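First comes the structure, then the notes that go with it.
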Amino acid sequence: MAFKDNREFIRALEKTRDVVRVTKEVDWDYEAGAINRRLSETHGPAVLFENVKDYPGKRLFAGALSSWRRMAVALGLPVDTPVPEILDAWDTRIKRPIKPVIVNKAPCQENILTDSGVNLFDFPVPLIHEGDGGRYMLTWHIIVSRDPDSEWVNWGMYRGQLVTERYLAGLVHPISDLGRVFHGKYAKYNKPMPIAIAIGADPITTLTGGTPFGPIDEADMAGALRLEPVELVKCKTVDLHVPAHAEIILEGEILPDVLAEEGPFGEYTGYRVSERAPRLIFKINTLTYRNEPVLTMSNMGMPIDECDITWSCALRGIVKARLEEFGIPVKQVYAPPELAMNCIVVSTEVRNYGLANQIGNIVFSISSIALYCSHVIVVEEDVDIFNLNEVFHTLMTRCNPEKDIITKPLSMSSPLIPFMDPDDRRLGRGVKTVFDCTWPVKWSTMHERPRKSSFNMIYPEFIQKRVLRNWKAYGF
Amino acid sequence: MRREYDTFVSRGDEIPLNQVIDLNIRELTPDDRKKKYRYRYVRANMTENSAEADVLWLLSKTTGYRYSRPLSINILEDLGEFKSFRREDLEGTTKADKTEYEAPAAM
């Protein structure tokens, strides 16, 4: 059974000891963010702040999917499911989209405020990091919009900060799904774009907003991952549907002709990079919410947080499918969450020269991945790419720095990549790198390829079996 | 009580002193604490920091680091909820580069 809402998910996390309810008063100004950040960096539990300063009766939930354990629970898998099995479940499920169902009455509309009654400062919106451009209400949410020329309904996750009572400003990259439709089909004709923002839906429904599925209805993909349809309800003032069991719904529009200052913000890369600049304005006309609402926060920064885990799930399937399309004998693909979406590791059988470069070209041809990911590491089949220590050992020992590091300048890039020159960041001009950690094809196994000196590779099988069989008997 | 505000700058000397200018500031000491960090767009005169006047802290636009020495601010007029920028006014400037504000030609 999928979780109907975040409240059910929190109760499930309590059973596995993966959430802590904090009843001591916590300040929304820095303190809640600092606690959440420390939990991310220490692989701690999720946290439900039940006593937020200035906001009695309103709660704040953070770190929903900042660990593989919580991702497993969210997917309905055993809490200690190994990472490759979580990824396999993800890839299997997304092949079978499930359409949402429409309901007429929804918890997210228990309270309704319109126009001058809307005051976003009535929620415990955190000042997440010191020096942030504002209080970020939108860090773990869905922005719902429609392509006016088709029936495509897009769910996206774009950061958004409070400006005044009814206005937010947000970073929406123009090549994102929302950015392309807004700039090409609304702003171009000076038309406001209707949107609805759902905060605090169940974790799987929410994560689909932050997943690069492409131009398909993310609601169907949420159903696929949940193995059950998402319940949607029609908004009160815009012609869009939102998850019925979300906590808070903001209905409004993106203004076509004006911008407001937004940022800076501590981002998913682990750094604060993008400068404060005029960005899109979300004007909120109607606000609906559940009784005793639970706002959500994702404190992005040094890994691991929700963003890292979500993208690690999403990238693997997209990249693996594209490599297989091109006939690459790929064994495994992994985007280690510890590397903040900036690196994809591919293990493959090597049959020909130039394979690593070809793999890099294919990976970087996928726009949604090229935007965020700067590095591809290609290794041979013997490397366990889910073991980051082994990956780094391979990188340091098999990648010849003179011949095997392939750089691709003048590539597209996110403005959030920390190592880029500030001017390049503004232009979205980046560089990609392929680290070829495969042995040269011409090296023979018998004489030239270095033999891996590991337990699995340098002892005969019968000795390995004997050692393993007698391990306890040796006294270990 | 001295009121406190902040604003974001690219350089520490970006705000001209003893001159009336329009700028976006954030409330740090509002009457209602729930509105801390709310934007305000004001006409104001800034001077070197003095003990009596309201305070304007400066933060880096990129890193968010706060400069150690604040300025004094004398707010003369509220100009609106927040400073807005017309998209067309930004074209051709550094911040209006095609990547951040314009969709690529190919949709």
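Since the structure is predicted, the reported quantities are computational estimates derived from the model, not experimental observations. Order of the sequence lines sets the chain letters (A, B, ...), proteins ahead of strands, with each chain counted from 1.
Contacts between F182(A) and chain B at a heavy-atom distance below 4.5 Å involve the side chain alone, from C-beta outward. Residue D27(A) touches chain B through its side chain alone, counting heavy-atom pairs closer than 4.5 Å. Only the side chain of Y167(A) comes within less than 4.5 Å of a heavy atom of chain B; its backbone N, CA, C and O stay farther away. If you measure heavy-atom distances from K83(B) to chain A, the contacts under 4.5 Å come from the backbone alone. With a threshold of 4.5 angstrom between heavy atoms, S274(A) approaches chain B through N, CA, C or O but not through any side-chain atom. Proximity to chain B (any heavy atom under 4.5 Å) is restricted, for Y55(A), to the side chain, taken from C-beta onward. The contact between P256(A) and chain B is made entirely by backbone atoms, counting heavy-atom distances below 4.5 Å. In this structure, the portion of T63(B) lying under 4.5 Å from any heavy atom of chain A is its backbone and not its side chain.
Of all the listed residues (D54(A), D132(A), V258(A)), the one sharing the greatest number of non-hydrogen pairs under 4.5 Å with chain B is D54(A). Ranked by non-hydrogen atom pairs under 4.5 Å with chain B, the options P422(A), G133(A), G134(A) are led by G133(A). Note: V163(A) leads V163(A), V273(A), I281(A) in heavy-atom pairs under 4.5 Å with chain B.
One finds the NZ atom of K53(A) at 4.0 Å from the CZ atom of R33(B) (value rounded to the nearest 0.5 Å). A distance of 11.5 Å separates NZ of K35(B) from CG of L162(A), quoted to the nearest 0.5 Å. Considering OH of Y39(B) and CD of E262(A), their distance stands at 7.0 Å, rounded to 0.5 Å. Considering NZ of K36(B) and CZ of R135(A), their distance stands at 9.0 Å, rounded to 0.5 Å. Once rounded to the nearest 0.5 Å, the distance linking CD of E275(A) with CZ of F8(B) reads 12.0 Å.
No more than 12 heavy-atom neighbours from other residues, nucleotides or ligands sit within 6.0 angstrom of CD on E130(A). Around atom OH of Y30(A), more than 12 heavy atoms belonging to other residues, nucleotides or ligands sit under 6.0 Å away. Shown here is Y67(B), whose OH atom has more than 12 heavy atoms of other residues, nucleotides or ligands within 6.0 Å. For M302(A), the CE atom is loosely surrounded, since the number of other residues' heavy atoms within 6.0 Å does not exceed 12. More than 12 heavy atoms of other residues, nucleotides or ligands shown are found within 6.0 angstrom of CZ on R11(B). The number of heavy-atom neighbours closer than 6.0 Å to CD of E77(B), taken from other residues, nucleotides and ligands shown, is above 12.
S60(B) approaches P264(A) most closely through the heavy-atom pair O-CG, 4.2 Å. Taking both residues in full, the closest heavy atoms of A260(A) and F85(B) are given as CA-CD1, 4.4 Å, listed atom of the first, atom of the second, then distance.
Inter-residue side-chain proximity for D257(A) and R86(B) is flagged as met; some heavy-atom pair is nearer than 4.5 Å.
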Task: From CA spacing to verdict: side chain to side chain contact (heavy atoms under 4.5 Å, CB included), E81(B), E165(A) - done: CA-CA 9 Å; E81(B) 284 193 286; E165(A) 285 77 357; 3.9 Å; yes

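Between the R38(B) side chain and the T164(A) main chain, no donor and acceptor come within less than 3.5 Å of each other.
Taking 4.5 Å as the heavy-atom cut-off, the residues of residues 17-28 of chain B that approach chain A are N24(B), R26(B), ordered by number.
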